[in-house]
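The structure under discussion appears below in the form of structure tokens.
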Amino acid sequence: AGILVWVVLRYPLGYLWLGGALLAYMALLWRWPQAWLVAVPAMLPVLDLAPFTGRFFFDEFDCLILATFVVAGWRYSSARSTWNLSAAGWLLLVLFTLSVAIAALLGMYPFPALDLNSFSNYYSHYNALRVAKGLLWILVLLPLLRKGLNQDAVRSQHLLTLGMTLGVLVGGFSVLWERAAFTGLLNFSSDYRVVGMFSGMHTGGAYIEGYFATVLPFVAWWTLHSRSVLARLFGVSVFALGVYALLVTYARGGYIALILGMAVLGMGWLLRRSGSLRMTQIMSGLALLLLLAGIAWPIVEGRFMQGRFATVQQDARIRTAHWQEAVDMMDDGAGTQLFGMGLGRYPETYFWRNTSGVRPANYRFITQNNNTWLELSAGDVLYFEQIVAVQRGRHYRLDFDTRSRQNHANLTVPVCEKWMLYSTSCVWQTVHVGNTNGQWRHFILDVDTASFPKHPWYARPSVKLSFYNPTLGTLLDVDNVSMRDKARHELVENGSFSAG
């Protein structure tokens with residue numbers, strides 16, 4: 001509870017709305033203890049506001065888990081634990097948890113002093129905590145799940161799958177907004193790949209397709225188990241939305257995962273219920289399969305996806321080379337073979353040891369004499385960015401201070417319609433910084449958004465102000481960023497970097 005209060009009070013977007021929402025949820029959970037079975041899976045794909053807050057080590061979904069644990073711990077503090085695991089189950093869980101704990105300690109060692117970079121950079125040793133928290137939340141929720149299953153297994157399963165269905169609904173709507181804002185819902189030729197509200201996708205990855213491939217069989221299960229016609233129509237609609245969202249990730253592995261998941265569901269359904277299948281259930285199952293095929297056909301036949309299918313063998317070789325390189329970068333010795341290089345240490349290991357000749361760009365915050373600034377290094381492109389409330393057809397004044405000790409140092413400052421990975425309309429400007437001999441140099445830029453297209457109210461894309469260092473072999477410092485409209489309204493938060 002103390003951690004939760006501390007996090008809420010320091011919340012970048014204001015503690016009132018987050019604190020109020022959590023209090024309302026906790027009151028709901030106190031009245032209906034099983035509400036978490038719906039709320040947690042429903043909020044999983046969208047309760048991640050890192051693009052707005054800058055926080056990606058500990059986010060709003062983590063607050064939801066903590067709030068769940070606080071209420072459950074208060075209610076069940078005197079109750080007997082209901083883990084109900086077999087001896088073999090206990091052994092496997094303990095061994096796995098121990099291995100993760102050791103790997104986390106290895107990842108954090110030698111436990112550097114805490115500063116503004118500790119929880120805002122993937123190269124931080126404390127990145128191990130960000131990775132390990134997933135297992136921690138499982139250990140927190142497992143006793144609650146077991147308790148619900150012991151009290152009423154059928155109801156608990158139904159509530160959990162209802163939560164997953166609602167999660168696909170809200171996650172699917174986030175994908176619809178992204179598609180409408182950046183490509184159009186039926187444009188299957190564009191190479192734009194959706195990321196939804198999964199902020200971890202800003203470095204690539206497979207989070208969004210992994211999510212939809214995992215939960216869509218549960219949506220199908222909930223739909224087939226529902227008895228009312230309206231519930232089944234709702235389930236079919238959500239399933240269709242989820243299939244669309246997965247397909248427009250254009251992730252071939254996600255496609256295969258969904259097919260396998262649905263095949264397992266179908267075989268299990270037939271084996272368990274072969275003697276009691278009703279005609280309505282059979283028809284519902286066939287409708288789901290036909291719906292999946294009908295949505296998939298135009299997307300799979302689109303120009304972009306056909307191009308991806310044509311490079312399957314080439315991409316497989318590239319991925320195999322990536323995996324081999326990851327193994328080759330590891331230390332020798334039995335300790336590494338048993339426990340790895342440490343949780344969260346892959347970015348740092350790749351930075352120093354990759355054999356591809358790639359040096360990722362980096363950033364860090366430096367504080368001296370009570371002044372904090374941003375340092376940007378050059379390399380494989382990295383955009384340091386913030387969402388700003390910029391509108392089309394306006395002029396904005398952008399101010400910032402920068403310095404460098406290299407004669408050929410430049411700083412590029414794009415203002416783009418962008419969500420996480422792909423930008424569309426942009427205003428690009430590059431300034432020559434040069435060697436300022438350690439002195440700050442002030443720049444003023446005019447940002448004219450006349451080239452930004454007009455969007456309907458329901459498909460307005462986010463706009464980002466970004467900084468990046470385009471010149472290899474240079475370091476740049478940036479401070480005192482300000483962006484104002486004609487009415488002198490400030491659009492940038494934390495422009496002094498005093499809060500990292």
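Note that the structure is a prediction, hence the values are computed from the model and not measured.
A donor-acceptor contact shorter than 3.5 Å is absent between the side chain of Thr249 and the backbone of Ala245. Without hydrogens or angle criteria, Ser356 side chain to Val358 main chain gives no donor-acceptor distance under 3.5 Å. Thr412 places no side-chain N or O within 3.5 Å of a backbone atom of Pro470 that could act as its donor or acceptor partner. When atom types are taken as modelled, the side chain of Ser124 and the backbone of Tyr126 share a donor-acceptor pair closer than 3.5 angstrom. Judged by distance alone, with hydrogens and angles left aside, the side-chain atoms of Trp440 form no donor-acceptor pair with the main-chain N or O of Asp479 at under 3.5 Å.
We find the NE2-CG distance between His125 and Asn117 to be 12.0 Å, quoted to the nearest 0.5 Å. The structure places CG of Leu44 at 12.0 Å from CE of Met197, a figure rounded to the nearest 0.5 Å. Remark: His442 NE2 to Arg403 CZ distance equals 15.5 Å, nearest 0.5 Å. Within the model, atoms CD1 of Ile65 and CD of Glu60 stand 13.0 Å from one another, a figure rounded to the nearest 0.5 Å. One distance of note links CG of Asp477 with CZ of Arg441; it measures 14.5 Å at 0.5 Å rounding. Taking CG from Leu139 and CZ from Phe96, the interatomic distance works out to 9.5 Å, rounded to the nearest 0.5 Å.
Residues Ala181 and His455 share a closest heavy-atom pair of O-CE1, 3.7 Å. Between Ala220 and Met262, the shortest heavy-atom distance links the atoms CB-CE, 3.9 Å. Of all the heavy atoms in Trp222 and Ala231, the pair that sits closest is CZ3-O, 3.5 Å. Pairing each heavy atom of Leu85 with each of Leu93, the nearest pair is CD1-CD2, 3.8 Å. Taking both residues in full, the closest heavy atoms of Gly172 and Phe212 are given as N-CZ, 4.0 Å, listed atom of the first, atom of the second, then distance. Pairing each heavy atom of Val238 with each of Leu169, the nearest pair is CG1-N, 3.9 Å.
Contact check for Leu247 versus Tyr255: side-chain heavy atoms found under the 4.5 Å cut-off. Side-chain contact check for Val427 versus Pro414: every heavy-atom pair is 4.5 Å or farther apart. The shortest side-chain heavy-atom distance between Thr223 and Phe218 does not fall under the 4.5 Å cut-off. The shortest side-chain heavy-atom distance between Pro461 and Trp419 does not fall under the 4.5 Å cut-off. Arg345 places none of its side-chain heavy atoms less than 4.5 Å from the side chain of Asn127. Considering only heavy atoms from C-beta on, Phe467 stays 4.5 Å or farther from Asn469 through its side chain. For the pair Leu64 and Trp36, the minimum side-chain heavy-atom distance is 4.5 Å or more. Between Tyr422 and Glu417 there is no side-chain heavy-atom pair separated by less than 4.5 Å.
Checked by atom type, the side-chain pair Ser156/Gln34 shows a donor-acceptor distance below 3.5 Å. In the model, Asp401 has no side-chain atom that pairs as donor or acceptor with a side-chain atom of Trp373 under 3.5 Å. For the residue pair Glu490 / Ser482, a side-chain donor-acceptor distance below 3.5 Å is found, with atom types taken as modelled. Checked by atom type, the side-chain pair Tyr244/Arg179 shows a donor-acceptor distance below 3.5 Å. A side-chain N or O of Glu178 and one of Tyr192 form a donor-acceptor pair less than 3.5 Å apart.
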| request: Apply side-chain hydrogen bond (donor to acceptor under 3.5 Å, both in side chains) to Tyr25 and Thr68, showing your working. | output: CA-CA 8 Å; Tyr25 167 68; Thr68 303; 2.6 Å; yes

| request: Start with the C-alpha gap between Val413 and Leu465, add the side-chain angles, then the distance that decides, and say whether side chain to side chain contact (heavy atoms under 4.5 Å, CB included) holds. | output: CA-CA 7 Å; Val413 190; Leu465 164 67; 3.7 Å; yes

| request: Go through Asp399 and Arg397 one step at a time and tell me if the salt bridge (charged side-chain N to carboxylate O under 4.0 Å, His left out) criterion holds. | output: CA-CA 7 Å; Asp399 293 69; Arg397 169 174 165 155; 2.8 Å; yes

| said: Show, in sequence, the C-alpha distance, side-chain angles and deciding distance for Phe119 and Phe58, and conclude whether the ring-ring contact (aromatic ring centres under 6.0 Å, His included) test is met. | reply: CA-CA 9 Å; Phe119 303 108; Phe58 196 95; 9.9 Å; no

| task | Starting from the C-alpha separation in whole Å, work towards a yes-or-no answer on side chain to side chain contact (heavy atoms under 4.5 Å, CB included) for Leu176 and Leu241. | result | CA-CA 9 Å; Leu176 287 182; Leu241 177 60; 3.6 Å; yes

| request: Take Thr449 and Gln391, measure what side-chain hydrogen bond (donor to acceptor under 3.5 Å, both in side chains) needs, and give me the verdict at the end. | output: CA-CA 7 Å; Thr449 60; Gln391 301 179 28; over 6 Å; no

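When ring centroids are compared, Tyr122 and Phe56 come within the 6.0 Å threshold. Outside the 6.0 Å centre-distance limit, the rings of Tyr468 and Phe384 are not counted as a close aromatic pair. A ring-centre distance under 6.0 Å is found for Tyr211 and Phe198. Checked against the 6.0 Å centroid threshold, Phe400 and Phe443 count as a close aromatic pair. Checked against the 6.0 Å centroid threshold, Trp17 and Tyr11 count as a close aromatic pair.
For the pair Arg359 and Phe351, the cation sits on the ring face: its NZ or CZ lies under 6.0 Å from the ring centre, inside 45° of the axis.
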Give every donor-acceptor pair under 3.5 Å between a side-chain atom in residues 45-52 and any protein atom, sequence neighbours left out.
{"unit_1": "Asp48", "atom_1": "OD1", "unit_2": "Ala50", "atom_2": "N", "d": "3.4"}
{"unit_1": "Asp48", "atom_1": "OD1", "unit_2": "Ser199", "atom_2": "OG", "d": "3.1"}
{"unit_1": "Asp48", "atom_1": "OD2", "unit_2": "Ser199", "atom_2": "N", "d": "3.0"}
{"unit_1": "Asp48", "atom_1": "OD2", "unit_2": "Ser199", "atom_2": "OG", "d": "2.9"}

Would you give me the side-chain donor-acceptor pairs under 3.5 Å for residues 493-500, sequence neighbours excluded?
{"unit_1": "Asn494", "atom_1": "OD1", "unit_2": "Ser498", "atom_2": "N", "d": "3.2"}
{"unit_1": "Asn494", "atom_1": "OD1", "unit_2": "Ala499", "atom_2": "N", "d": "3.0"}
{"unit_1": "Asn494", "atom_1": "ND2", "unit_2": "Gly500", "atom_2": "O", "d": "2.5"}
{"unit_1": "Ser496", "atom_1": "OG", "unit_2": "Ser498", "atom_2": "N", "d": "3.4"}
{"unit_1": "Ser496", "atom_1": "OG", "unit_2": "Ser498", "atom_2": "OG", "d": "3.3"}

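Counting non-hydrogen atoms of other residues, nucleotides and ligands closer than 6.0 Å to CG of Asp332 gives a total of 12 or fewer. The local environment of CG in Leu13 is crowded, with over 12 non-hydrogen atoms from other residues, nucleotides or ligands closer than 6.0 Å. At most 12 non-hydrogen atoms from other residues, nucleotides or ligands lie less than 6.0 angstrom from CZ of Phe69. The environment of Tyr458 atom OH is sparse: at most 12 non-hydrogen atoms of other residues, nucleotides or ligands sit within 6.0 angstrom.
Ion pairing between Arg353 and Asp331 holds under the 4.0 Å rule for side-chain N and carboxylate O. Ion pairing between a basic and an acidic side chain is recognised when a charged N comes within 4.0 Å of a carboxylate O; Asp485 and Arg394 show no such pairing.
The salt bridge (Lys or Arg N to Asp or Glu O under 4.0 Å) contacts involving residues 361-389 comprise Arg364-Glu375, Glu385-Lys418, Glu385-Lys464, where partners must be two or more places apart or lie in separate chains.
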